[in-house]
Amino acid sequence: MRRLRAIIVGLTAFLTLCFAVVGAGAVEPIAVPLDVPALDLTHVVELRTGVGERLQVSTAPGPDGIVRRIEVRAVQPGDGDWVVFALKNNTDEQIDRLLVAPFFRLADSGVLSPDLGASRIQSISTSQGLAPERQVNQEADVFLVTLDPRTVVTVVLELKSPRLPKLVLWEPDAYKDSVNAYTLFRGIILGISGLLALFLTILFVVKGSAMFPATAAMAWAVLGYLCIDFGFWDKLFRLQSGADQVYRAGAEVMLATTLVLFLYAYLNLNRWHVSYSHMVAAAVVVLLGLVGVAVIDPTIASGIARIVLGVLAVVGAGLIAYLAAHGYDRAIMLIPTWVLLTAWLLAAGLTVSGGLDNDAVQPALAAGLVLIVMLIGFTVMQHAFAGGGITQGASGETERRALALLGSGDMIWDWDVSRDHIWASPEVEDLLGVEPGTLESAARDWLEILHPKDRDPFRSTLDAVVEQRRGRVSVTFRLRCRDGHFRWFKLRARPVIGSDGEVIRCVGTLIDVTDTHTAEERLLHDAVHDNLTGLPNRELFFDRITSAIVRARAEGVGRPSLIIIDIDRFKNVNDSLGLSIGDSMLLTVARRLARQVKPQDTLARIDGDQFGVVVISESEPERIAAFADGIRRTLKAPITLGEREVFLTTSIGVAIFDAATKKEDDLVKDAEIAMYHAKRLGGDRIEVFRASLRQHAVDILAIESDLRRALEREEIKVFYQPIIRLADDSIAGFEALARWEHPKRGRLGASEFISIAERSGLIIPLGLLVLEKAARQLSAWQEEYGSDLGVFCSVNVSSRQLLRHDLINDVKAVLSRVEVARGTLKIEVTESLVMENPEYAAKVLERIKELGTSLALDDFGTGYSSLSYLQRFPFDSIKIDQSFVRGTAKERPVLLRSIVTLAHDLGMDVIAEGAETPADVEQLKALGCEYAQGWALGEPMPAEDARRLLGRSLRAAAQ
């Protein structure tokens, strides 16, 4: 007995030691204050999963500091999922609290396999021995927990599943107030949603279009979803608490299904292509099949529905953007709704993935869903109450023709031949500003308001129709407005033959074509005139010289003279005062010159700061010299700019026609030689061409002669300067640059011979040579590395090339001989060149882009672009001039950021030239510039070196 007693004492000591060790890891009690209405326990409780049917727990130390051990048995068999926590009452009052575990929370419910809600707590046990009483509630597991003064209670919850989205300890009155507040909010939302669904259903009954039942179905789907989410569905059908997973999954599936149907019906996609109908039918069948899947496994159906909603937001946004860009009114009207829907789906996605976790998120999303349906209802109602009685269409041929004429918006013109009475729509009188009824008169009275040059064609056309009794009238004429101006109209009409075979009426339409005719006249004017000054441009100037020379040779009288005027150091004016001031000064110079020139003479702007005068009014050398001196003195007068005065000087070259002059180029060349000689002598002087001056131009002529031979001997090489994509420092493309391998002078850059090629006309074959070689090299790279390489090659186009109609044919010929990926051959045009003749340039550039090239605006910022014109050009990229990149540290970021923002707003990429240092590259990257080129990124190199560099870049990108 004594030995047995010793064994028992030892075993007791061992167990006490074990309990002491366990007590060290006991549950930490959570203090429950009196003044806190709700205490979130979700992230402070201890979750134990897969423990088994029995759980042994060390209780939290009580006021006496003793740690006890309790064992809890599971109510339901299985692996056993438990939650353990302890509550502590530090006050002298008894505390009653409600332990609430909601059945469903949208926040962090998941996407692929979402938690659709269920009863969370199977049973509850406490260290006091008395289990808290379960409260009746349709939306959550609620238990009344009582804490005596100065006590610590350890609570063990047996879970029905491993998931416990939320666990909150509520003060009873606060929980009641919260439930009441949400109940009121839910009632308002359900009421609005129900009224919307009912109203849209009535609208569907009244109107037969497919968009109305689709909209009504979507409204009912939203109402069903809200009823389930707010617990109204459970009360209506007396469902078991938390057993609405099937209905919740089905509601989400129906949301996706009705959204697909609404998008299809509202955008009327069946009118665009029958394949859209097949795709939508297949999608609806699959989604409706998910309703059956929801009965078997609600989580799978709900996860697929949530993914479909996200995909539908992206696909719908792309489809709406595409149709809106093509002017489809319904797509444009749906943009605000789809933006709101996309924002709602983004917020819902963040919520279910755990990015947004707040008690107010779920009610806010419900309100947002109702707001979306409301906005959709307003959008649909615009179609329901528009159109009036003609929506049903006309059945007869006459009615269809009348409706077609009404829809065209054309004005009606009707001539009653038997009564000789013309009637025109009142809109014509409104356009002319004349009194109503003025145009209702005989045909001869119309002659009074017709332009004098249009009267005979109008009369002869009407007479021909009456006499021949067939044909169509198609004539354009001008009608005089009340203020004396004329508007252009196009008349299209057909004769109506009576029973006797004679013409009894002539009926047709009048179209106001004033804007079109004005644009055509402006296009013709701009083709031969300078856009800034309005003076004749270089092409018209050469034509006037040719005409004067031909007349002098044919008649043998009058010797045309040519005066070339160049403003000295005008570049300094642009650099110091800015381009806008420089343009204003050029306008002043043009006006002063125009006052000096006689009507029979021709004044033209032939280059940036260079003007030319074809003098026919004077033939004596002395009088021509006096005329030139008058020009010099006139332009030397100061130009006032605000409080400052600017003085300009000019270098003037004069060439007089003689028998040795063969063509206009010789006369222009002689005047330019004289002008450059005056400039070399310091400027502000006049030089008359003489044969001895040609010796000063020997080098230029020699280079021109060598350049002609260089094109034949293939001495012109094409080098390639890399253009780097700043996002990943990879090669985006190359710029093709011409280099002349001169046998005596060595390698010459483009700046040393391009200007000579421009003047001599050799720029045409030279530009075609560079374009051909660049296209063939680009094709070779694409063949070697794949046609989807994405690397482009840029080729610069000169003024002579752009202003020739053959440029389009040259590009077409090159692309027919060389196969390159569409858009990878990039044509670069300088800004100043485009703005010389914007209307003509826009037409040419559009034709070139249609051939499969892309376009870049070079040297942006150095010209005088009008933003209204710039938006009309089909450029894909803007190249920032290197002067902006190399600007001072203070001004550079502001200018560059403005240009980059402008380009992006116009939908263009930005390529910056002149990146000479790593600092330039980093700054361009920070400002959002996509591409850059310069010595810091790569020098111009032969084709083989460029090929190796491109290969290394591609291999680095692949790694």
Between T337 and the options T342, L371, I376, the side chain to side chain contact (heavy atoms under 4.5 Å, CB included) test singles out I376
I'd like to know if the side chain of D454 reaches the main chain of R478, judged simply by a donor and an acceptor atom lying under 3.5 Å from each other, with no hydrogens or angles considered.
yes
*Side-chain heavy atoms of K490 within contact of S474, under 4.5 Å*: yes
Here the gap from L635 atom CG to I565 atom CD1, rounded to the nearest 0.5 Å, amounts to 6.5 Å
(request) May I ask you to test the Q596-V613 pair for a side-chain heavy-atom distance under 4.5 Å? (result) no
Which of W413, F458, F486, W488 passes ring pair (Phe, Tyr, Trp, His ring centres under 6.0 Å) with F477? It is F458
Rounded to the nearest 0.5 angstrom, the CG-OG1 distance for L431 and T514 is 8.0 Å
* **Check: L479 and R487 side chains under 4.5 Å, non-hydrogen atoms** => no
H485 meets the ring pair (Phe, Tyr, Trp, His ring centres under 6.0 Å) criterion, sequence neighbours left out, with none
Using 4.0 Å as the upper bound for N to carboxylate O, is an ion pair formed by D607 and R538? no
For G433 and R482, the nearest pair of non-hydrogen atoms, with its separation, is O-CD, 2.9 Å
Hits for salt bridge (charged side-chain N to carboxylate O under 4.0 Å, His left out) against R494, two or more places apart or cross-chain, chain-then-number order -> none
Please tell me if the side chains of I422 and D445 come closer than 4.5 Å, counting only heavy atoms from C-beta onward.
no
Sequence neighbours excluded, the answer for side-chain hydrogen bond (donor to acceptor under 3.5 Å, both in side chains) partners of Q600 is none
V614 and A548 have their tightest heavy-atom pair at CG1-CB, 4.4 Å
Would you call T215 and T379 a side-chain contact if the rule is heavy atoms closer than 4.5 Å?
no
R544 meets the salt bridge (charged side-chain N to carboxylate O under 4.0 Å, His left out) criterion, sequence neighbours left out, with none
Heavy-atom closest pair (L200 atom, G377 atom, distance to 0.1 Å) is CD2-CA, 4.0 Å
Original post:
Heavy-atom distance under 4.5 Å between the side chains of V475 and V473, does that happen here?
Top reply: yes
So the ring-ring contact (aromatic ring centres under 6.0 Å, His included) pairs with at least one residue in residues 424-443 (sequence neighbours excluded) are none
Tell me whether N537 contacts the main-chain N or O of L540 through its side chain, where contact means a donor paired with an acceptor under 3.5 Å.
yes
Rounded to the nearest 0.5 angstrom, the CD1-CD1 distance for I631 and I563 is 4.5 Å
* Asked: Quick one: does I848's side chain get under 4.5 Å of L855's, heavy atoms only?
  -> yes
Between the CG atom in L375 and the CG atom in L340, the distance rounded to the nearest 0.5 Å is 6.5 Å
Here the ring-ring contact (aromatic ring centres under 6.0 Å, His included) pairs for residues 415-445, sequence neighbours left out, are none
L603 and A594 have their tightest heavy-atom pair at CD2-N, 3.6 Å
- Exceeds 12 heavy-atom contacts within 6.0 angstrom, atom CZ of R455: yes
Q.
Tell me whether R480 is salt-bridged to E448, with the criterion being a basic N under 4.0 Å from an acidic carboxylate O.
A. no
Exactly one candidate in D609, I567, I639 meets side chain to side chain contact (heavy atoms under 4.5 Å, CB included) with M585; the answer is I639
Rounded to the nearest 0.5 Å, the CZ atom of F611 sits from the OG1 atom of T533 at a distance of 6.0 Å
Note, L439 side chain near L432 side chain (heavy atom, < 4.5 Å): yes
- Message: Has D601 got a side-chain atom pairing as donor or acceptor with I616's backbone, closer than 3.5 angstrom?
- Response: yes
Value for CG (L593) from CG (L535), rounded to nearest 0.5 Å, stands at 8.0 Å
Residues at least two apart in sequence or cross-chain that pass side-chain hydrogen bond (donor to acceptor under 3.5 Å, both in side chains) with S584, listed by chain then number, are none
Ring pair (Phe, Tyr, Trp, His ring centres under 6.0 Å) filter on F262, not counting sequence neighbours, yields Y266
W338 meets the side-chain hydrogen bond (donor to acceptor under 3.5 Å, both in side chains) criterion, sequence neighbours left out, with none
Sequence neighbours excluded, the answer for ring pair (Phe, Tyr, Trp, His ring centres under 6.0 Å) partners of F627 is none
> Ignoring hydrogens and geometry, is there a side-chain-to-backbone donor-acceptor pair from S877 to A856 under 3.5 Å?
Replying inline: no
Taken in chain and number order and not counting sequence neighbours, the residues that satisfy side-chain hydrogen bond (donor to acceptor under 3.5 Å, both in side chains) with H904 are E930
Taking every heavy atom of G608 against every heavy atom of L586, the minimum-distance pair comes out as O-CD1, 3.6 Å
By side chain to side chain contact (heavy atoms under 4.5 Å, CB included), R633 pairs with (sequence neighbours left out) D629
Looking only at heavy atoms, the pair that brings R505 and D416 closest together is NH1-OD2, 4.2 Å
Is it the case that more than 12 heavy atoms not belonging to K849 sit under 6.0 Å from its NZ atom? yes
